[in-house]
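Just below is one structure, and these are the notes that go with it.
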Protein chains: 2
Amino acid sequence: MAMNRLDLNLLHVFETIYREGSLTRAARALHLTQPAVSHSLARLRAHFDDPLFIRQGNEMVATPLARRFADTMRPGLTQIQSAVNQFHSFDPVSQHKVFALGLRDILESTFLPHLMQSLDQYPEIEVVSQRIPRRDMETHLAAGKLDFAVDVLLPVSSQTSHELLRRDTLVVVAGPKFDGIENGLSLETYLAARHVLVSSRTEGPGIEDFELSRLGVHRRIALRCQHYYAACRVAEATDLLVTMPETYARMIIQQTSLRVLPLPTNMPPLNVHLYWHTPYEKEPALKWFRELLHQVAAH
Amino acid sequence: MAMNRLDLNLLHVFETIYREGSLTRAARALHLTQPAVSHSLARLRAHFDDPLFIRQGNEMVATPLARRFADTMRPGLTQIQSAVNQFHSFDPVSQHKVFALGLRDILESTFLPHLMQSLDQYPEIEVVSQRIPRRDMETHLAAGKLDFAVDVLLPVSSQTSHELLRRDTLVVVAGPKFDGIENGLSLETYLAARHVLVSSRTEGPGIEDFELSRLGVHRRIALRCQHYYAACRVAEATDLLVTMPETYARMIIQQTSLRVLPLPTNMPPLNVHLYWHTPYEKEPALKWFRELLHQVAAH
DNA sequence: GTAAACGATTAGAATAATTCAGTCGCGTAA
DNA sequence: TTACGCGACTGAATTATTCTAATCGTTTAC
C-alpha cells in the first residue's frame, strides 16, 4: 500500500515466529509453506534493518531488537485482535466475556437456574444479574452498563429494541386443605375463597384485582405479603389461594402438596420481554447471548 | 492470508474513511484512487456484515457499529504504529522523546550548552542529565534508565559499547601575575611555580602528579580545592598555576585575563567516551542521538 | 432540468504473495 | 570423517490480490 509503511499483517507472522522459535513450525501454525514465512521474515528484516531472528542450531533466536519490539507491540496487537473479534465473531468457548443482565424479582428465580446450567459448557462466560430501576433501564442499556434487561412489556424509545422472551399467565395455587375443586375451580368458588395478595407495596390492589373489578366482582383478601414463595407456604398449610405467574408457580410447587389450577376467568398474559440497545444489536457476543436466552426461556 | 482473519492493513483504511467522512477524500489522503478505497471498504463490510458507513448526501456517516469499533481499536492501532516507528525510524522533528544522559562534573558544563543549542531545532526532544555512580552505569544502561553515559575510558563488559567522543589533554592555566613565559613554559619554571590542586578528595595526589613522579620530579602545591572554576579564579588573582583539561580551560578563560599553556611534558590524553547498552544500539532514536552527540563533541 | 460531485461496480493491468525446486549450512549418528 | 536429516535461504514460476481506468447510479447545487 503506502511506501515505507509496514504491512501490519506481517506482525502476525512476526509474533508466530517469535512464539514458535522456528520458521517451519510458524509456517505450520499459519497454514503456509516455510518459504512463504521466510519471505515474510525477509520483508520484516528489510524494514527494520535487523536480522530479527538468528539461527542457532535448529532454533531461531530473537535478536535484542526483536525481543524489545515484541514486548512493545504485543499489547497493541492483542487489543486490536480483541476489538476485531468483538465486532466480527464471538466464540463463547474460548473468549472471556461478562454479560450484565437486568432481572427483577422472581425473574431471577425463573431464569438464572436454567441459564447457569446452559453456561456450564462455557467456563469463560460470566453473568452479572442486576436489579435496575425501570426508569434507568434505557440509559443503562445505551451506556453499556447493562447488556440486556428482562421485564414485562414496557413503553420504550426507538433506541431500545425488544422481543418476546416467554409467555406467562396467571394461575391459582391451592393447598391440600382447599376443597371443592374436583370439577375444576369455578369463578364462584374462587370469589368465595380467601386469598393471599402478593405485592411489594403495603396497600392497593394486585394486578388480578384490576381485571376482576372490570368484571364487577372482587375477591376476599385474607393476607397480604411480599413474596410468592411465602404465599405458597401459607397456601400449603391453609385453605387460602394464591394467584401468581404460572412459570414460578410450577417451580415452587415441585415436591409439595400444592396444586396449580387455571384461573376461572380470562386474564391478559404476563409476557416477559428481552430489551437491548438497538445500535449494539449486531455485536456478535450480544447476538449469541440473545440466542442463548431464547433457548433458556423455551424450557 | 488466513481465511476469516481480517487484513490488518484495512484498519488504516477504515480509520482514514472515519476521519475524512468521504471515500474520495480518504483516497486522496492514502494516495490511492477512490475505487481502491471502495474495494477495501467492501472487504471490511463483508467481514463485519455491516455497512459501516452510510451515504447521507455527500457524507459517509458511520454506523453505530463502526463508531463503537473505531473507539475500541484506536488505542491499539496507535500503540502498534508507535512501536513500529520506534524500531524503524525516528523523526526528531515530530516525535517526542526524552533522552537520559549520564554526565559527570565538568562534562555537564562542556557538553550541555552546545547540546541544547543543537536541540533548538527539535522542540519535541527533551534531555535529562543525571549523575550516576560509576559502578551503576552499566545496569542503568541495560535497564533503560540511562540511554547514554559520557565518561573517561572505563572498563566495561561486552554488553556495553563505547566509542571515543572527544579527545582532551591537560593544559596549564596561568593568570597575568605569572611571569617568565614569553618563550613558553619550561618544565623548570612549571616545577618552580606554586600550584592549585583540584580534587574532590581531601588528600592524595592529582592525576598529573602521578605522571610527574614517574619522571622523578614533583611540583609545589600551594592550594587544594574542589572545583576548576574556583581554581581558575585564584590563578587569575595570583601567580598560582592550575593544571586541568583543555576543553574546560578554554571555556572558563573566555573574557578573563587567564592564559592556556601547553603542559611542558607529555601526559596521557584525557579522552571522553560515549557508553550505551549494546543490544539497544540499533534503535533509531538512539542512533540519531548518538550522531548528534558526535556533532556536538566536534565543536 | 442540467452540471457537478460522489460512491459503487466492472474489467483488465499491475503488483504482491505464495509455492515449487534447489542449494547451503548445521547437527548428529555411524 | 562421512553420510544423512533437518531447516533456512534464494530464485523462478504460479497464483492471488490490489489497484486503476472507465462507466454507471445517486445526490446535491444552481
Side-chain angles (χ1 to χ4, degrees), chain A residues 1-67 70 84 88, chain B residues 1-63 65-67 69-70 84 88:
Chain A
M1 202 163 260
M3 288 205 61
N4 214 21
R5 167 177 289 277
L6 183 68
D7 176 353
L8 293 184
N9 294 319
L10 291 180
L11 297 182
H12 183 54
V13 179
F14 174 86
E15 178 196 58
T16 308
I17 298 172
Y18 191 87
R19 191 180 68 230
E20 300 284 345
S22 148
L23 296 201
T24 306
R25 291 199 293 274
R28 202 176 299 135
L30 294 164
H31 301 104
L32 295 174
T33 59
Q34 179 268 320
V37 173
S38 187
H39 283 305
S40 294
L41 178 57
R43 288 165 62 199
L44 284 162
R45 281 167 166 166
H47 187 270
F48 290 112
D49 188 31
D50 186 83
L52 297 181
F53 299 96
I54 310 271
R55 183 168 178 181
Q56 289 180 15
N58 279 349
E59 292 295 310
M60 293 291 267
V61 176
T63 63
L65 188 139
R67 261 198 299 272
V84 168
H88 167 61
Chain B
M1 200 163 257
M3 290 207 59
N4 215 22
R5 166 176 290 278
L6 183 67
D7 177 352
L8 292 184
N9 294 319
L10 291 180
L11 297 182
H12 183 54
V13 179
F14 173 86
E15 178 197 56
T16 309
I17 299 173
Y18 191 87
R19 191 179 69 230
E20 300 282 346
S22 149
L23 295 201
T24 307
R25 291 197 294 272
R28 202 176 298 134
L30 294 164
H31 300 104
L32 297 175
T33 60
Q34 177 265 322
V37 173
S38 188
H39 282 304
S40 295
L41 178 57
R43 288 164 62 199
L44 284 162
R45 283 168 166 165
H47 187 268
F48 289 112
D49 188 30
D50 186 83
L52 297 179
F53 299 96
I54 311 271
R55 184 170 177 182
Q56 288 181 17
N58 280 347
E59 293 294 310
M60 294 293 268
V61 176
T63 62
L65 187 140
R67 261 198 298 273
F69 176 65
V84 169
H88 167 61

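The shown structure was predicted, so the numbers you read here are calculated from the model rather than taken from an experiment.
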- Does Ser22(B) put a side-chain nitrogen or oxygen below 4.0 Å from OP1 or OP2 of dC6(C)? no
- Item | Base dT19(C) paired with His39(A) side chain (donor-acceptor, <3.5 Å) | yes
- Starting at CZ of Arg25(A) and ending at C1' of dC6(D), how long is that distance when rounded to a whole Å? 12 Å
- Inter-residue atom distance Leu23(B).CG - Leu30(B).CG, 0.5 Å rounding: 10.5 Å
- Measure from CG on Leu44(B) to C1' on dA8(C) and round the result to the nearest Å. 15 Å
- For His47(A), does its backbone N or O pair with a side-chain atom of His88(B) as donor and acceptor, under 3.5 Å? yes
- NE2 of His47(A) versus C1' of dA16(C): gap in Å, rounded? 16 Å
- Query: Do the side chain of Gln34(A) and the base of dC9(D) come within less than 3.5 angstrom through a donor-acceptor pair of N or O atoms?
  - Reply: yes
- Task: Name the nucleic acid region contacted by Thr24(B), choosing base, sugar-phosphate or nothing; use a 4.0 angstrom heavy-atom cut-off, strictly under.
- Result: sugar-phosphate
- In this structure, CG of Leu8(B) is separated from CG of Asn9(A) (nearest 0.5 Å) by 5.0 Å
- Query: Rounded to the Å, how far apart are Asp7(A) CG and dA16(C) P?
  - Reply: 11 Å
- Message: Without decimals, in angstroms, what is the distance between Leu23(A) CG and dC26(C) C1'?
- Response: 15 Å
- Figure out the CG/P separation between Asn58(B) and dG7(C), and round it to whole Å. 7 Å
- Query: Can you find a donor-acceptor pair, distance only, under 3.5 Å between Arg55(B) side chain and dC6(C) base?
  - Reply: yes
- Taken to the nearest 0.5 Å, the spacing of Ser22(B) OG from Gln34(B) CD works out to 8.5 Å
- Task: Find which nucleotide of DNA chain C each of Phe53(B) and Ala36(A) is nearest to by heavy atoms, and output the residue with the more 5' nucleotide.
- Result: Phe53(B)
- Task: Compare side-chain N and O positions of Ser38(A) against OP1 and OP2 of dC9(D) and report whether any pair is under 4.0 Å apart.
- Result: yes
- Task: Remember a base hit wins even if backbone is also touched, and classify Arg45(B) as base, sugar-phosphate or nothing at under 4.0 Å, heavy atoms.
- Result: sugar-phosphate
- Query: Starting at CD1 of Ile17(B) and ending at P of dG7(C), how long is that distance when rounded to a whole Å?
  - Reply: 9 Å
- Item | Value rounded to 0.5 Å, distance of CZ in Arg67(A) from OH in Tyr18(A) | 6.5 Å
- Query: Just how far, in rounded Å, is C1' of dT17(D) from CG of Leu32(B)?
  - Reply: 14 Å
